[in-house]
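For reference, the structure is listed below as structure tokens.
Keep in mind that this is a model prediction, so the values were computed, not measured.
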Amino acid sequence: MQVADREVVSVIGPNGAGKTTVFNVITGIYQPSSGDVSFAGESIAGQQPHRIARLGIARTFQSLRLFLNMSVIENVMAATYGGTRATPWESVLRLPRARREERESRGARRGRAVVLRPAACRVPLDQPAYSLSYANRRRLEIARRSPPGPGCCCSTSPPPG
């Protein structure tokens, strides 16, 4: 299987056909028993899932995994915390590095939160996830996994705070 840049591809088949297995191999959850998985001309087969995720390759699950009491932008920001350098204590104590990374994360993820935007869908970034329709919750889940770019389920109004 080969997917070109910006190409959208669907994988369809009956239960047990291996659709989930394909995505688990691509995202590093499973190791391929043969063959290769490459991205941007480099082999990623056998790499750890967190390393593959840093390349921008991630998956969502059929059951949504959102923080329902957090806002839209907070949900998107939560997906970035694995890549921050601030220690847990710096974050708890709100030390300068943690505050700076949060500001940077909020700005960068605002771009990510504006992915998949149908013209009719305008959801404020400060709206709690529990109040979203299922379709917008799904869009939010995808926005958490998508690279920043144009296009989401969120308004382009500035985030709160």
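If you take CZ on Phe23 and CD1 on Ile29, they are separated by 11.5 Å, rounding to the nearest 0.5 Å. Atom-to-atom distance recorded for Ile44:CD1 and Ile52:CD1 is 4.5 Å, nearest 0.5 angstrom. To the nearest 0.5 Å, atom CG of residue Leu66 and atom CZ of residue Arg138 are 9.0 Å apart. Atom CG of residue Leu140 and atom CG of residue Leu132 lie 6.5 Å apart, to the nearest 0.5 angstrom. Taken from OG in Ser10 to NZ in Lys19, the straight-line distance is 12.0 Å, to the nearest 0.5 Å.
Arg97 is linked by a salt bridge (charged side-chain N to carboxylate O under 4.0 Å, His left out) to Glu90, counting only residues two or more places apart in sequence or in another chain. Not counting sequence neighbours, the partners of Arg100 by the salt bridge (charged side-chain N to carboxylate O under 4.0 Å, His left out) test are Glu104. Listed by chain and number, the residues in a side-chain contact (heavy atoms from CB on, under 4.5 Å) with Tyr130 are Leu68, Asn69, Pro128, Arg137 (sequence neighbours excluded). Listed by chain and residue number, Gln127 satisfy the side-chain hydrogen bond (donor to acceptor under 3.5 Å, both in side chains) test with Ser131 (two or more places apart in sequence, or in another chain).
Contact detail for Arg94 and Glu102: the closest heavy-atom pair is NH1-OE1, 2.9 Å. When every heavy atom of Ser91 is checked against every heavy atom of Ala86, the shortest pair comes out as OG-CB, 4.1 Å. Shortest non-hydrogen contact noted between Pro32 and Gly46 is CD-N, 4.4 Å.
Sorted by first and then second residue, the pairs that involve residues 36-45 and meet side chain to side chain donor-acceptor pair (under 3.5 Å), not counting sequence neighbours, are Asp36-Ser43.
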Q) Could you go step by step and tell me if Ile57 and Thr27 meet the side-chain contact (heavy atoms from CB on, under 4.5 Å) rule? A) CA-CA 6 Å; Ile57 301 171; Thr27 58; 4.2 Å; yes
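Val3 pairs with exactly one of Val8, Val9, Ile26 by the side chain to side chain contact (heavy atoms under 4.5 Å, CB included) rule, that one being Val9.
Counting side-chain heavy-atom gaps under 4.5 Å among Ile, Leu, Val, Met, Phe, Trp and Tyr, the cluster of Met70 also holds Phe67.
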